[in-house]
Every structure is written in C-alpha cells, then in structure tokens.
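Right, one structure below, let's go through it.
Computation of the quantities below employed the complete heavy-atom set of this structure, encompassing side-chain atoms and omitting hydrogens, waters and symmetry-equivalent molecules. So that the names make sense, note that chain A is the first sequence line, chain B the second, and so on, each numbered from 1.
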Amino acid sequence: MSQVTMTVNGKTASGDVEGRTLLSQFLRENLNLTGTHVGCDTSQCGACVVHVNGEAVKSCTMLAAEADGADVATIEGQANADGSLNTIQQAFQDHHGLQCGFCTPGMVMSAAALLKDNPKPSEAEIRDYLEGNICRCTGYHNIVKAIMAASGQDVSAIAAE
Amino acid sequence: MPKDSGIGASPKRREDVRFLTGNGNYTDDINVHGQAYVHFLRADVAHATINGLDTSAAEAMPGVVKIFTGDDFAEVGGIPCGWGVTDRHGEPQQEPKHPIIAHGKIRHVGEIVAAVVADSLEQARDAAEAIELDLSDLPAVVNMKSAAEDGATKVHDDLTSNVCYDWVFGNGEDDAMEAAFASAAHVTTLELVNNRLVANPMEPRVAIGEHNKSNDEYTLYTTSQNPHVIRLLMCAFVLGLPEHKVRVVAPDVGGGFGSKIFHYAEEAFCTHAAKACGRAVKWSSTRSEAFISDAHGRDHLTTIDLALDADNNFTALRTRTHANMGAYLSTFSTSVPTYLHGTLMAGNYKTPLIQVNVKSLFTNTVPVDAYRGAGRPEATYSIERVIDKAARELGVDPIALRRQNFVTEFPYETPVALTYDTGDYHGTMDKLEAAADISGFAARRAESEAKGKLRGLGVNCYIEACGIAPSNVVGMLGARAGLYDAATVRVNATGSISVFVGAHSHGQGHETAFPQVVAEMIGIDESMIDIVHGDTGRVPFGMGTYGSRSIAVCGSAMVRATEKIIAKAKKIAAHLLEASDADIELKDGVFTVAGTEKSIDWGSVTLTAYVPANYPLDELEPGLEETAFYDPANFTYPAGAYACEVEIDPETGKVTVERFAAADDFGNIINPMIVDGQVHGGIGQGIGQALLENCVYDEDGQLLSASYMDYAMPRADDVPFYAVDHSSQTPCTHNPLGVKGCGEAGAIGSPPAVVNAVIDALQSGGHDITHIDMPVSPSRVWAAMNG
Ligand code: FES
Ligand code: FES
C-alpha cells in the first residue's frame with residue numbers, strides 16, 4: 001500500500017492504494033465517485049473517461065499511483081457552479097443523447113476534450129473522435145447531434161428529435 | 001403545433017439529469033456494509049468430466065471466507081426454462097438440469113466450476129488460482145449440423161440426443177407444401193446464417209446478495225429487466241425460498257437488450273452465499289466474463305423456399321431452421337426460435353401456405369436466448385432476403401413485388417396462428433419512399449460510380465408481434481409465466497402521485513413517458529407524478545420489460561388503475577359538490593358539475609380522500625390508491641419499411657452505410673423523441689449485426705471473439721444519421737392507448753435492408769452474387785467479388 005494525493009474536481013483527495021489499483025477503481029471505491037463507469041477490461045469502451053491534467057484519459061488504463069499529484073476532473077464536477085447542467089450536458093438532455101446513461105459520463109468527458117481542441121467539429125470529426133467510446137443504446141445519432149449543438153452549430157436540419 | 005406536455009409531447013427526460021451528472025445508481029455503485037466479494041472460477045474448456053476439485057490450498061489463502069463447488073448446490077434446483085415447447089410428435093422438449101455450479105461435467109467455456117468468496121476481490125481471484133482441477137477432456141459439440149447427426153457426442157448424457165425439439169408449425173401440411181412447390185411458376189431458395197451475437201449492454205451484470213439474520217429476509221440487488229420474474233424463478237425453482245422473504249432490487253440498469261431478462265446462476269449464488277457466509281456477497285462481471293456468461297443471441301441456420309405463381313403472387317413459404325440453444329436452456333431460450341419466430345413467418349404478406357420447421361440443438365457453447373427482437377429479426381431476415389432474391393431472379397422491382405403481396409385487409413388471420421388487428425403497409429411504404437428519397441437514388445448511384453464506388457439500395461419490410469399475450473393462449477403454447485402486467489397508482493393527500501409499475505426502465509425513459517399518460521388523463525402537471533419501478537419491495541407486482549411490451553401492457557395497466565382513481569375521485573367530488581357522480585366532469589385537473597359553474601380542484605378532492613371529515617364514509621373507503629392487472633387480448637403488431645444505401649469500395653470490399661431511413665407504424669405515440677431514440681438504437685444494432693458483429697467459436701468450443709478487441713461493436717463512425725418517420729399510425733385496436741411498442745423494431749427491420757443493399761451494389765457492378773452471410777465484412781465481400 002502507498003499513499004496517493006491528487007486534486008479531484010478541485011478538491012484535494014488522498015488514499016491508500018495497492019500498486020495495481022487503477023485510477024477508475026480509486027475514484028469509484030476510495031472516493032465513491034461512481035459516475036465514472038467501467039464497461040470493459042480491454043480499454044475499448046470509454047465509459048471510464050476522465051480528464052487528467054486537462055487531457056482525456058481512460059481511467060481504467062491508468063494506475064492510481066500514476067495520477068499522484070495530478071489534477072483530475074470527473075463527471076461529478078462538470079455541472080455549472082449553481083448545479084445546473086453545463087453546455088454539453090444540457091445539449092445531451094435537449095437532444096436525447098443518452099438512454100441507459102451508462103456510456104454517458106465517458107461520452108460527456110470525451111466531448112468536452114474534443115470541443116476544447118476543436119470548438120466546431122464536423123459530423124465526421126465527431127464520429128472519428130468518438131471511436132473509443134461505445135454506446136449500445138443510441139445508435140450514436142443523438143450523441144453526434146448533441147455534440148454539434150453544444151458547439152453552437154445549427155442541428156435543426158438533422159432528421160428527428 | 002407539437003404539444004408541450006401529455007400524450008404526444010416530447011418533454012426532456014427527467015432521468016437524464018442524474019445520469020449526466022454522475023448520480024445514477026447502478027448496481028455496481030451499491031456497496032453493502034461488510035460485504036465480501038465472489039470470484040467465479042470458470043471453465044476454460046468446453047466439454048470435460050470433472051474427476052476432482054481440490055480447494056484445500058485455496059481455502060488456506062489470506063482473506064478467503066468460503067469456497068463453493070457443485071456439491072454445495074447439488075441439492076437445490078437448477079435454473080428453470082420458462083417455456084415448454086411440444087415437438088412435431090407431441091413430445092415435450094428435452095430439458096436438462098441447468099446447475100448453478102457445474103457438477104460432474106463441464107459443458108461450455110465460461111461455466112462456473114467453483115466460487116471463491118473472500119474479503120477482497122483480489123484475494124478471491126488469487127485464491128481461485130490455487131484451486132486444483134482434475135479434468136478429462138471430452139470432444140466438444142460446436143457445429144449445429146454435426147450436433148444433429150446420429151451418433152454425435154452428446155452434450156447431456158441423460159438425454160436421447162442433442163435435439164431439444166424438432167418443431168413444425170403453420171397451416172402447410174407436407175402434401176400441400178409439395179403440391180404448392182410442384183405447381184409454382186418460380187421457386188426461390190436461399191440458405192442463410194443468422195449470425196450469433198452478444199447483446200453487450202454497456203453495463204456488465206452485477207449481483208449483490210444480502211441476508212438479514214434478525215428476520216431471515218434476503219435482498220438481491222441485480223442488473224435485471226424484470227425483478228419480480230427473477231424473484232419468482234429463484235425462489236420457487238432454484239433456492240426454495242418463500243417469496244415474501246426475498247426482495248429483488250434492479251436499480252438503474254445500463255441497458256439490457258434481452259440479456260438481462262434471464263435468471264442467471266450468479267444471482268442465485270449471491271443470494272444463497274449471503275446466508276451461508278453470514279455477510280453480503282458481491283459479484284461484478286468483467287466484460288471478459290460477460291462474453292462467456294451472458295446469454296448469446298440469434299444463431300440460426302436456415303433454408304427458406306418461396307413459391308410464386310406466374311403473376312408473382314407468393315403461393316407458399318417453407319423454412320427449415322437449426323437453432324442453437326447452447327449447453328443449457330436459458331429462461332426463454334426455447335420460445336425464441338418457435339413462438340417468437342415461426343409465428344412471424346407470414347411477414348407483411350398474404351402468402352396462403354406456410355410451413356416452419358425448427359430443430360433446436362444443444363451444443364457446448366454459452367446458452368442462447370432472446371436478444372433485441374428475439375426470433376422476429378431472424379424471421380424478418382429470412383423472409384425479406386428471400387423476397388429480395390426472388391425479385392432479382394424475376395427481374396422485378398423489389399418494392400413492387402412486396403407491395404403486390406401485402407396484406408391489405410384487417411383483421412388478417414395468418415397461416416401461422418396470429419391475427420393482425422391493424423396496419424397500413426402501403427401507407428408506411430409510401431412514407432419510406434419519401435423519407436429515403438428513393439427517387440433520388442439513381443443520381444446518388446451515379447455520383448458514387450463517378451468516384452469508383454459501387455452503390456446499392458436495399459429495401460425491406462418487417463412486422464413484429466409485441467406484448468406477448470393473452471396469458472391463457474400463450475399458456476396453452478407452453479409459456480410457464482403469465483404475460484400480463486400491473487400498476488398501482490397511489491395518490492397522496494396533496495394530490496401528487498406515485499405510480500408503481502411492473503415494467504422496468506433501463507434506457508427506455510419510462511420515468512418521463514409514463515407520467516405523460518397519467519398527466520393527460522387527469523389534467524395535472526407531469527411534475528406531480530413519479531414512476532417507481534425496479535424493486536419488489538415497493539412495486540406490488542409486474543412482469544418487467546422485454547418484447548417491446550412496456551407501454552402496451554404495463555401502460556395499459558396504468559391507464560386502468562388511473563381510470564379507477566378518476567372514478568373514485570369523481571364520487572368524492574360529487575359528494576362535495578352535492579351532485580350525482582354521473583354529472584361530474586374532469587378536465588385540466590378540475591371537477592365540474594356538467595352544465596354548471598360548480599367545481600372543485602384535484603387537490604381538494606385528494607385531500608378529502610385522506611381527511612374525510614365531509615365524506616360518504618358509508619359508501620366509500622377513504623384513501624386514493626388503485627391497482628390494476630392488465631392481460632392483453634392479443635399481441636400488438638408494429639410494422640414498417642426500411643431502406644439502406646451502401647457504398648462498396650471495390651478495392652477493399654469495405655461496405656459503408658451512406659443513408660438509412662425507417663418508416664414505422666407504432667400506432668399512437670406517447671413521446672416521439674423517445675420513440676425516435678429507440679429506433680435509432682435498434683438500427684445501430686442491426687447495422688452492427690449486418691456488417692460487424694459475430695460470435696466465433698473454434699472447433700474445440702473456445703470463444704474466439706471474446707472481447708472488444710475481437711468482437712466488433714458498432715462505433716460512431718460505422719453509422720450515418722438516420723431518417724426516421726413514424727407518421728404512419730394505425731392505432732392498436734385492443735389496448736386503451738392504441739399503442740404498439742417500438743423497442744425492437746430498429747433491430748428487426750435493419751439487417752435485411754443492409755444486406756439487400758450490398759447485393760444490389762454488387763449486382764450493379766456486374767457481379768453475379770446473390771447472397772453474402774452476415775456479418776458482411778470486407779473480407780467476405782472481397783472474396784465474393786474476386787472468387
Ligand atoms: S472501462 Fe475503460 S475503456 Fe472500458
Ligand atoms: S446510453 Fe446506454 S450505452 Fe449509451
């Protein structure tokens with residue numbers, strides 16, 4: 001066991017971890033931040049995406065010890081200060097970009113990372129960027145639409161709600 | 001003007017806020033004080049005799065609480081099968097015991113061989129490695145055709161063969177079929193594979209068992225689509241526990257698609273082990289475990305023959321199918337290739353003679369059961385592919401051939417035992433032709449060809465039967481469960497309402513859509529109504545969510561219960577307004593005496609029900625709570641027409657879906673936004689089946705496609721935007737909302753559209769290719785083009 005300390009959603013958090021403890025495990029089990037989901041064991045699904053020092057990271061592929069001293073952001077810290085949904089979250093609700101909600105935290109965190117680097121991505125760029133995020137429910141239609149809307153693009157011409 | 005509330009409106013989903021902020025409450029997010037963890041040692045061979053199992057070294061490992069083997073469960077029941085099919089000779093299906101932990105023999109890779117409960121998951125895993133297993137390998141039965149042969153190795157020694165049943169259905173007696181095919185002007189035959197799939201909801205399964213020593217009550221938290229069904233099966237058939245001592249909770253569930261209907265060994269194990277270990281026991285599946293322990297879907301081999309007369313009318317249809325059951329019978333496995341598949345073989349067409357033959361087989365593979373659509377996608381794929389092939393052979397337009405053979409008069413009794421109550425297949429096809437811009441296809445093909453690509457258009461229809469019912473009929477056909485649903489409407493003194501529903505929402509948005517109905521009936525704001533689901537300790541009863549049944553069956557129960565509430569509330573209002581209850585009208589949440597100004601609002605009436613100072617106590621009980629059970633009179637029959645356009649790169653064989661359009665008739669619609677989302681998701685899965693997904697076993701019964709590295713899930717860049725139209729609406733004639741259900745349509749209607757488009761593209765390039773099996777991968781396409 002060793003001690004790790006990191007900033008998570010703006011607050012200092014520390015805990016004892018084994019060498020093999022994953023960041024996803026540390027967030028879920030030590031910090032009870034269960035919004036970060038684990039959907040696979042081959043780093044393919046993206047349900048576990050968080051930001052580490054501003055970069056999107058699959059938290060199931062990173063050891064908690066590697067995040068020692070880092071600045072970590074999870075889905076729990078994404079809402080506006082007054083508790084209302086942020087622009088991306090609101091676009092997901094407005095455009096029905098989620099069904100069961102299991103992939104959603106990873107989708108929102110990935111979308112945030114994409115829009116930081118590319119504020120007006122095209123449909124093709126969004127689809128390409130989401131290659132590492134699997135959703136089984138939505139057929140991706142409304143996820144892509146929500147991300148386009150969150151980036152200020154007019155999505156009214158895209159079929160359906 | 002679209003409505004902004006009530007039936008037909010698209011309010012934003014209220015459940016989204018918790019999911020978008022990380023506040024969902026999925027089963028794996030639950031931890032019970034003092035819980036231990038179980039790791040299952042799973043078979044890594046497909047077929048073997050267990051000679052010995054030595055757990056002594058493992059038991060001595062740190063943190064180990066208890067180790068369980070097949071011996072510990074030899075005395076309890078096996079996992080039951082919920083449908084008994086009678087074969088063509090009147091014999092019952094062969095039904096082997098389905099043990100919680102393998103006993104004496106291993107029958108598929110992934111079967112539980114031992115269970116280690118320890119203080120931590122890591123300790124349980126480490127200890128499992130110290131278990132010594134002495135096995136004698138047996139030849140694995142993997143291929144269905146060889147499983148069916150005389151003298152094949154048997155998966156179950158105590159059965160007569162690997163054939164679960166050999167079932168024949170339809171009005172076509174052998175002689176009549178022979179005559180119809182002999183006199184046909186044209187016969188089209190197709191052999192096809194409905195590829196084996198893994199449902200893959202993004203949330204892996206989880207089970208937590210808890211036992212309370214003080215009152216001997218159990219709680220099972222589980223990722224289920226139907227907690228009451230799990231409680232019934234586990235208590236009555238497996239563990240022999242009294243139902244009133246067991247509470248099953250299925251909180252937020254991250255998708256199901258059928259795979260979370262079934263009662264699984266892990267659920268019974270955790271419940272049993274909680275008492276045996278004296279502490280709660282938690283199991284969280286990894287994705288790798290899910291691939292070898294969640295029930296798989298589809299896996300049919302079919303030969304289908306279509307007979308046509310000289311005017312291209314369909315005269316007879318015959319199918320012979322091998323259906324894989326896997327090593328054991330999962331909960332609804334036997335009904336999928338029979339009553340959910342054979343009964344759909346009429347499709348949207350008035351073919352007068354139909355014969356369906358299904359042989360279901362045991363193999364040394366993971367059990368196979370319902371996956372989104374369950375039997376209906378297999379039926380649709382066979383029918384719509386053979387019709388397409390017939391159209392190409394005859395040189396007629398595939399849409400025209402379909403239209404010519406549509407059922408146009410309702411009710412229509414099919415040759416395969418269903419009665420379609422309503423539909424408008426021409427009208428729905430008209431919507432599709434517009435939504436898909438079929439008239440613009442030629443120009444788009446020319447553009448693709450100018451880029452050196454082949455472009456194809458595939459069109460097909462589908463019909464499905466949802467909300468399986470009525471219980472007395474399906475009971476005669478072998479169903480061992482009732483197929484009604486239940487709802488309790490509890491009105492509080494202040495007028496707010498909790499509706500306890502037997503349906504379970506795991507992505508379908510019930511928490512938003514169901515209140516729209518009650519709000520519309522009473523005329524109050526949706527925010528005053530909450531849905532409670534997923535907990536046998538709170539919801540009186542219910543059969544859960546599958547087969548697109550939630551709004552059609554449970555929604556109908558909710559309407560009936562709300563009608564009882566309104567009737568009683570009117571009596572109270574009549575008393576308060578000193579009028580006859582027959583004269584009371586309810587509109588916008590206000591009770592009025594017809595033709596007068598006298599009125600009283602909803603909240604005053606509900607308060608009076610609980611503070612009955614001025615109340616007809618001699619005639620009416622206080623309180624305002626009503627329950628209804630609803631058993632539908634018939635199935636519902638959603639139907640539609642789908643169109644897909646693909647481009648094929650002749651250099652690589654890669655197929656790209658360029659456009660996809662769906663026109664569905666779901667009857668009346670409660671929330672169009674949610675309905676569109678259901679269709680999108682189904683299409684995504686259907687494109688996955690058609691182009692990408694495939695479960696592959698080697699000849700030793702090893703699953704080769706056992707992770708997301710090898711099992712190709714559809715990703716965002718594999719699919720286009722979809723054009724979805726559900727303005728063709730013929731309301732269901734026998735339920736109070738006129739709804740039909742929409743959850744499975746997309747997955748049923750889309751695979752043949754994709755494959756039809758691929759064949760169209762290839763033939764447009766001069767390739768004499770009439771069929772490619774799913775998944776239509778680049779290597780298969782390339783081989784067909786260059787073979
Ligand atoms: S859980 Fe991290 S990628 Fe799947
Ligand atoms: S919303 Fe269910 S997996 Fe994406």
So do [Y] and [X] actually touch side chain to side chain, heavy atoms under 4.5 Å?
| X | Y | answer |
| --- | --- | --- |
| B:Tyr708 | A:Ser43 | no |
| B:Val17 | A:Gln93 | yes |
| A:Phe92 | B:Asp16 | no |
| B:Asp717 | A:Leu130 | no |
| B:Lys12 | A:His96 | no |
| B:Thr21 | A:Ile75 | no |

Out of [options], which one racks up the most heavy-atom pairs below 4.5 Å with chain A?
| options | result |
| --- | --- |
| B:Gly507, B:Ala199, B:Gly677, B:Ser707 | B:Gly507 |
| B:Gly686, B:Gly24, B:Ser285, B:Pro204 | B:Pro204 |
| B:Ser288, B:Gly684, B:Gly682 | B:Ser288 |
| B:Ala435, B:Gly746, B:Gly681 | B:Gly681 |

Looking only at heavy atoms, which two atoms of [X] and [Y] are closest? And how far apart?
| X | Y | result |
| --- | --- | --- |
| A:Cys45 | B:Met202 | CB-CE, 3.6 Å |
| A:Cys100 | B:Gly254 | SG-C, 3.4 Å |
| B:His680 | A:Thr138 | CB-O, 3.3 Å |
| B:Phe257 | A:Cys137 | CZ-SG, 3.7 Å |

- Item | Leading residue by heavy atom contact count with chain B [cutoff under 4.5 Å; candidates A:Gly35, A:Pro105, A:Gly139, A:Cys103] |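 Of the candidates given, the most pairs with chain B belong to A:Gly139.
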- Best-contacting candidate, A:Glu123, A:Glu76, A:His37, against chain B by heavy atom pairs under 4.5 angstrom: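 Of the candidates given, the most pairs with chain B belong to A:Glu123.
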Given that the side chain runs from C-beta out, which part of [X] has a heavy atom under 4.5 Å from chain B: side chain, backbone, both or neither?
| X | result |
| --- | --- |
| A:Thr42 | both |
| A:Gln78 | neither |
| A:Glu29 | neither |
| A:Glu125 | neither |
| A:Ile134 | both |

- Give the ring-plane orientation class for A:Phe102 versus B:Tyr26, where under 30° counts as parallel, over 60° as perpendicular and anything between as tilted.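 Answer is perpendicular, since the angle exceeds 60°.
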- Using the ring of each side chain (for Trp, its six-membered ring), is B:Phe721 parallel, tilted or perpendicular to A:His141, with breaks at 30° and 60°?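 Aromatic pair B:Phe721/A:His141 classed perpendicular.
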[atom1] of [X] to [atom2] of [Y]: how many Å apart, nearest 0.5 Å?
| X | Y | atom1 | atom2 | result |
| --- | --- | --- | --- | --- |
| B:Arg13 | A:Leu98 | CZ | CG | 5.0 Å |
| A:Asn142 | B:Asp676 | CG | CG | 7.5 Å |
| B:Ile30 | A:Thr34 | CD1 | OG1 | 9.5 Å |
| B:Phe19 | A:Gln99 | CZ | CD | 11.0 Å |

Heavy-atom contact with chain A under 4.5 Å, split by part of [X]:
| X | answer |
| --- | --- |
| B:Val679 | neither |
| B:Gln508 | neither |
| B:Glu15 | neither |
| B:Ile674 | both |
| B:Asp29 | both |

- Message: Strictly less than 4.5 Å between heavy atoms, which residues of residues 52-71 of chain A line up against chain B? Please order them by number.
- Response: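 Residues of residues 52-71 of chain A touching chain B at under 4.5 Å: none.
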Answer yes when [X] and [Y] have at least one side-chain N-carboxylate O distance shorter than 4.0 Å, and no when they do not.
| X | Y | value |
| --- | --- | --- |
| A:Arg28 | B:Asp28 | yes |
| B:Glu693 | A:Arg136 | yes |
| B:Asp126 | A:Arg20 | yes |

- Between B:Arg715 and A:Gln44, does any side-chain donor sit less than 3.5 Å from a side-chain acceptor?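 Result is yes, a qualifying pair exists.
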